[in-house]
Amino acid sequence: MKKLVIIPAYNEAGNIVKTVTDVVENAPGFDYVIINDCSKDNTLEICREHGFRVIDLPCNMGIGGGVQTGYLYAKRHGYDIAVQFDGDGQHNASYLEHMAEKLEREHLDMLIGSRYIAKKGFQSSGARRAGIKYFTGLIKLVTGKKITDPTSGMRMVSRDIICQFAEDYPKDYPEPESVVTILKQKKHVEEIAVEMNAREEGTSSISMYNAVYYMIKVSLAILIAAIRK
């Protein structure tokens, strides 16, 4: 099984070395590729100085475009499994081998690392937890499936989903929408308990100023994905 870690990175100069080191040391069965989304800091320079495998996008495409680039890379290079693994240091690569085993053993299409099953490690702010619970409820309403961590960026997929996401992937805040899309296709999606870390450096793409836009946009995207054929 060829396995790939897709690391989207935008202004992650303070975190990218730690992230890649974690993958190399704790998930040796995986290859990795960094998708530098036109960072304004020296993320690209750091990647090149360390000899990291990096794709440098010519313009900022957002998290959706960056991750889709990773899926396109995985499709073209014949990977059987791909996992999104955020470049901000919040995820732990020690879970990846176990996730791959579960994905293959149970013939899953997607396996999501959820911080809200065991409820250990960084749990995010109270406001964000409330928003995540809202999306959990909305996704269950439209699909019948409870996803406890629908905004998790730690998501592993099979070859079939790699090929699908390489061709069509949401561009803006893609995680909840893409989960609904494949659930409506009767794909097999499960979660696994993981422990996440607090971001040590840099800032999240979702600030208090665009939180309202995020909630409205993602809600509409989920509803559209639920009725789209």
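Throughout, residue positions are numbered sequentially from 1 according to the sequence presented.
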| said: What I want to check is whether the side chains of R128 and T151 have a donor and an acceptor closer together than 3.5 Å. | reply: no

| task | Compare all side-chain heavy atoms of M99 with those of L103 and state whether any distance is below 4.5 angstrom. | result | no

| Which atom of A225 lies closest to which atom of V180, heavy atoms considered | CB-CG1, 3.9 Å

| Do K171 and Q68 touch side chain to side chain, with heavy atoms closer than 4.5 Å? | yes

| query | Which one of I132, V179, L138, I112 satisfies the side chain to side chain contact (heavy atoms under 4.5 Å, CB included) criterion with P150? | reply | I132

| query | Is it true that V142 and V189 fall in one hydrophobic cluster, defined by side-chain heavy atoms closer than 4.5 Å? | reply | yes

| query | If you draw a 6.0 Å radius around NZ in K2, do more than 12 non-hydrogen atoms from other residues or ligands fall strictly inside? | reply | yes

| Are M196 and I117 connected, step by step, through hydrophobic side chains (Ile, Leu, Val, Met, Phe, Trp, Tyr) whose heavy atoms are closer than 4.5 Å? | no

| field | Heavy-atom pair of closest approach, residues C38 and P58 | value | SG-O, 4.1 Å

| Closest heavy-atom contact between L108 and S158? | O-CB, 3.8 Å

| query | Pairs in or reaching into residues 56-81: which pass salt bridge (Lys or Arg N to Asp or Glu O under 4.0 Å), with residues at least two apart or in two chains? | reply | K75-E167

| S114: side-chain hydrogen bond (donor to acceptor under 3.5 Å, both in side chains) partners, not counting sequence neighbours | T148

| said: Taking the side chain as everything from C-beta on, heavy atoms only, tell me whether I35 gets closer than 4.5 Å to V67. | reply: no

| note | Residue set satisfying ring-ring contact (aromatic ring centres under 6.0 Å, His included) with Y95, at least two apart, ordered chain then number -> none

| field | Residues forming a side-chain hydrogen bond (donor to acceptor under 3.5 Å, both in side chains) with H188, sequence neighbours excluded | value | E190

| said: With a 4.0 Å cut-off on N to O distance, would you call E177 and K217 a salt bridge? | reply: yes

| said: Walk me through whether Y116 and S152 qualify under side-chain hydrogen bond (donor to acceptor under 3.5 Å, both in side chains). | reply: CA-CA 10 Å; Y116 301 122; S152 171; over 6 Å; no

| With sequence neighbours excluded, what pairs up with S39 under the side-chain contact (heavy atoms from CB on, under 4.5 Å) test? | Y10, N11, N36, D41, T43

| request: For D149, check salt bridge (charged side-chain N to carboxylate O under 4.0 Å, His left out) against everything at least two apart and list the hits. | output: R115

| task | Take T19 and E12 through the test side chain to side chain contact (heavy atoms under 4.5 Å, CB included) and record every step on the way to the result. | result | CA-CA 10 Å; T19 299; E12 296 294 359; over 6 Å; no

| message | Suppose we screen for side-chain hydrogen bond (donor to acceptor under 3.5 Å, both in side chains). Which residues come up paired with T143, at least two apart in sequence or across chains? | response | none

| request: Could you walk me through whether Q84 and F165 pass side chain to side chain contact (heavy atoms under 4.5 Å, CB included), step by step? | output: CA-CA 12 Å; Q84 180 182 336; F165 284 169; over 6 Å; no

| query | Do M110 and K187 come close enough that some side-chain heavy atom pair is under 4.5 Å? | reply | no

| query | Under a 4.5 Å side-chain heavy-atom rule over Ile, Leu, Val, Met, Phe, Trp and Tyr, are I139 and I224 clustered together? | reply | no

| query | Is any side-chain heavy atom of I7 less than 4.5 Å from a side-chain heavy atom of F52? | reply | no

| task | Would you mind listing every side-chain hydrogen bond (donor to acceptor under 3.5 Å, both in side chains) that reaches into residues 23-35, with sequence neighbours excluded? | result | D22-N26, D31-Y79

| message | When you group the ILVMFWY residues by side-chain heavy-atom contacts below 4.5 Å and let the links chain together, are V17 and F30 in the same group? | response | yes

| field | Closest non-hydrogen atom pair between I63 and D37, with its separation | value | N-OD2, 4.4 Å

| message | Which heavy atom of A82 sits nearest to which heavy atom of I6, and what is that distance? | response | CB-CD1, 4.0 Å

| query | With sequence neighbours left out, what residues match H98 under ring-ring contact (aromatic ring centres under 6.0 Å, His included)? | reply | none

| Test side-chain hydrogen bond (donor to acceptor under 3.5 Å, both in side chains) applied to D172 - qualifying residues, sequence neighbours left out | Y213

| query | For residues 93-108, which residue pairs qualify under salt bridge (Lys or Arg N to Asp or Glu O under 4.0 Å), counting only residues two or more places apart or in two chains? | reply | K3-E97, K102-E106

| task | Begin from the C-alpha positions of Q164 and T181 and carry the test side chain to side chain contact (heavy atoms under 4.5 Å, CB included) through to its verdict. | result | CA-CA 11 Å; Q164 178 174 328; T181 296; 4.0 Å; yes

| task | Name all residues meeting the salt bridge (charged side-chain N to carboxylate O under 4.0 Å, His left out) criterion together with E175; count only those two or more places apart in sequence or in a different chain, and write none if there are none. | result | none

| For M154 and L96, what are the C-alpha separation, side-chain angles and deciding distance, and is it a side chain to side chain contact (heavy atoms under 4.5 Å, CB included)? | CA-CA 9 Å; M154 190 176 186; L96 295 183; 3.8 Å; yes

| What pair of heavy atoms forms the shortest contact from L183 to I147, and how long is it? | CD1-CG1, 4.4 Å

